[in-house]
Amino acid sequence: MTVSANAETRGFETEVNQLLDLMIHSLYSNKDIFLRELISNASDACDKLRFTALSDASLYEDDIELKIKLSYDKDNRTITISDNGIGMTRDEVIDHIGTIAKSGTKSFLESITGDQKNDANLIGQFGVGFYSSFIVAEEVTLRTRKAGDSHENGVEWVSTGKGEYSISSIDKAKRGTEIVLKLREAEDEFLNDWKLRSIITSYSDHIDFPVVMDKTIEPEEEGGETVIEEETVNQASALWTCAKGDITDEEYKAFYKHVAHDYEDPIDWSHNRVEGTTEYTSLLYIPARAPFDLYDRDSKHGVKLYVQRVFIMEDAEKLMPRYLRFVRGLIDSNDLPLNVSREILQGSKVIDNIRSGSVKKILSMLEKIAKNDPEKYQAFWTEFGKVLKEGPAEDFANKEKIAKLLRFSTTHSGEPEQTVSLDDYIGRMQEGQEKIYYIAADSHSAAKNSPHLEIFKKKGIEVLLLSDRVDEWLTSHLNEYDGKKIQSVAKGELDLGKDEESEKELEEKAKSSEKLVKRMKEALDEKVEEVRVTNRLTDSPACIVLNEHDMAMHMQRILKEAGHAMPSSKPILEINPDHPIVQKLDAEKSKKKFADWSDILFDQALLAEGGQLEDPASFVAKLNKMLVSIAG
């Protein structure tokens, strides 16, 4: 291997420098994982070659036996991991090794606290990959050549992990990638045959390619020749093809860490072999912690698709809906062609059947956890609840099952934690109550303190407190549950059931306030559709009410800030004639003062609803003038 031209030194991205430093200091107590990560990467490279070679067998270059080799050199204090997989071009090395092309990198780095255990968990969420080499190595050398490229197109990448790396062109006879780790002084434990073999069998036993190491065979007779031959260390059998009874929990967990590149154990998993009109095997995992790119629509993680044990593609979005994008694992089909493409998947009945069965399996798994281990389910919900809330809009067929899994904060406890299921809510409904009520706002505090809740508190009716951005999307698609309509307390007419006394009282108030309502409607004509007497308020002077199908005020504000044009619609202003401010307003003779006070009342109600004032300066000026007149 000789180094040729095109040598250059490049700097790492700032984020890479920070990540490398964190890696070395935070994962020191779990340093075995560097080998798991590098073997997983090598396995992925072999998977990719096996698939690509289906359409171009020449990529094998007369070396058809895919494998991963591990060796060590005590004298030079190095460990070498090599594979004969797909390899990389120079540009791919720069893209994959020199940068972190991940959404959420900055927020991830800002989450670091300095607490070693907590930071190790955070790094596990982010995914360590190739960079884990620097946990044990003071220098890393990577040599690679893309399958199908000529020998002189090899690439050598060298770095000490301190700010920069060198990259140059080399002549590399064999395709694939070789990584040489020059170990730090304190890492001699890895220069040991038994130690390396034990890590392989612990973390990489069931990857689908042999991981080999040299074995020395001493001569049986004196004077005979010592023979060194390769020995397969792992079982090299696809775990999902084994019978469930033959697989231990530890093997399932180890395989999850390989397939998901995760640091923590999964919450649960499901391993199934389906036979009949569609034959496939699925091994699906629910992670314990959300990755940082969970809300990045371009993230390429999820469920892997295999056909007859041949890896086809990663993140086959047709296998799992977007609201279950946190699911990890694989599906191996016997019914798809090996040359399957994304276009073929688009209209495939086989894929539709696999997807339907897999979704039901995941939802059943979650339902079982929720029923048998509420604490574990609550941990899941904290990580993935917002994503699951996307489900009713995306998956009509399973809407009721998903709704059963949803959790909310409510006025029952008033706490921000989302722990209440819709079944819990229904179990506490008052006699004669026919609807599930909710209030949506841009924060838990805003929802909890909304004036719309005043009558509900008085009557002791529980209300769901919704403050996630996805909630407005959820409630627009989840209109009822278990035969009960789901109703916003801030939209449309409020009907709390038959109460003749309350209805009569409201009619009397409306009649006695007719003149006031008319004056306010004239003063606010350009701002409101209607002014009417309320049956919602007990303590506040006024509130904004939207039409039943209007978007909540806080969501309108968010979308406007994002540059979206919103349809023009006027809200309804409801007033509480028993409130001193409204009574003071009713007694006001000055037309100008009446108009100003009406504006203030409307703007206050709009702010309480999470809306945005068209003219904040005018509101402040009118409010100051009113305060001066009161103080005077």
Side-chain angles (χ1 to χ4, degrees), residues 370 374 377-393 402-430 433-482 484-492 494-496 534-540 543-546 548 550-558 571 574 605-611:
Y377 187 77
Q378 197 57 45
F380 160 80
W381 181 261
T382 301
E383 294 293 322
F384 301 108
K386 290 177 187 175
V387 177
L388 202 62
K389 283 181 177 181
E390 297 171 15
I402 299 164
K404 196 176 186 68
L405 295 168
L406 301 178
R407 295 293 182 268
F408 302 94
S409 168
T410 80
T411 54
H412 182 69
S413 69
E415 296 301 317
E417 289 76 25
Q418 297 177 8
T419 59
V420 178
S421 70
L422 292 175
D423 287 329
D424 294 334
Y425 180 98
I426 289 171
R428 291 195 290 262
M429 281 172 64
Q430 292 196 358
Q433 183 182 338
E434 296 176 352
K435 296 176 182 176
I436 297 169
Y437 294 103
Y438 74 88
I439 178 76
D442 58 358
S443 71
H444 175 76
S445 295
K448 181 181 175 182
N449 298 310
S450 170
H452 288 284
L453 298 181
E454 291 172 7
I455 190 66
F456 290 87
K457 289 174 183 174
K458 182 181 178 181
K459 290 180 175 287
I461 298 172
E462 187 174 2
V463 179
L464 307 179
L465 303 174
L466 309 186
S467 55
D468 292 333
R469 287 193 176 186
V470 71
D471 285 331
E472 191 74 17
W473 179 247
L474 167 67
T475 52
S476 66
H477 290 84
L478 186 64
N479 310 114
E480 66 171 55
Y481 175 76
D482 195 23
K484 307 283 190 298
K485 186 178 179 184
I486 298 175
Q487 172 75 46
S488 168
V489 302
K491 295 181 183 180
L494 183 61
D495 177 13
L496 294 178
T534 188
N535 62 341
R536 302 170 199 262
L537 304 176
T538 58
D539 303 319
S540 300
C543 67
I544 292 290
V545 177
L546 300 175
E548 197 157 336
D550 283 350
M551 187 178 290
M553 283 287 182
H554 72 282
M555 284 305 296
Q556 291 185 34
R557 189 194 74 237
I558 289 166
E574 290 194 357
L606 194 67
L607 288 172
E609 196 61 26

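Values below: every heavy atom of this structure, side chains too, minus hydrogens, waters and symmetry copies. All figures in this text were calculated on a predicted structure; none of them were measured in a lab.
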**Report entry** Residues that Lys458 engages under side chain to side chain donor-acceptor pair (under 3.5 Å), provided they are two or more places apart
**Finding:** none

**Report entry** Results of salt bridge (charged side-chain N to carboxylate O under 4.0 Å, His left out) for Asp539 - residues two or more places apart only
**Finding:** none

Query raised in the report: Among all residues two or more places apart in sequence or in another chain, which pass the side-chain contact (heavy atoms from CB on, under 4.5 Å) test with Thr382?
Result: Gln378

Query raised in the report: What residue pairs, at least two apart or across chains, pass ring-ring contact (aromatic ring centres under 6.0 Å, His included) with a residue in residues 442-471?
Result: Tyr437-Phe456

Report task. List in chain and number order the residues that pass ring-ring contact (aromatic ring centres under 6.0 Å, His included) with Tyr438, two or more places apart in sequence or in another chain; answer none if no residue qualifies. Result -> none

Report summary line: Those residues at least two apart in sequence (or on a different chain) that pass side-chain contact (heavy atoms from CB on, under 4.5 Å) with Ile426 are Met429, Ile436, Tyr481, Asp482, Lys484

Report summary line: Residue set satisfying side-chain contact (heavy atoms from CB on, under 4.5 Å) with Asn479, at least two apart, ordered chain then number -> none

Report task. Using salt bridge (charged side-chain N to carboxylate O under 4.0 Å, His left out) as the criterion, list what pairs up with Lys485, not counting sequence neighbours. Result -> Glu548

Report task. Name all residues meeting the side-chain contact (heavy atoms from CB on, under 4.5 Å) criterion together with Ala447; count only those two or more places apart in sequence or in a different chain, and write none if there are none. Result -> Ile439, Ala441, Leu465

Report task. Taking salt bridge (charged side-chain N to carboxylate O under 4.0 Å, His left out) as the test, write out the residues that go with Arg407, two or more places apart. Result -> none

Requested in this report: List for me each residue that meets salt bridge (charged side-chain N to carboxylate O under 4.0 Å, His left out) alongside Lys386, sequence neighbours excluded, and say none if there are none.
Outcome: none

Requested in this report: Give every residue pair that meets the salt bridge (Lys or Arg N to Asp or Glu O under 4.0 Å) criterion with at least one member in residues 444-457, sequence neighbours excluded.
Outcome: none

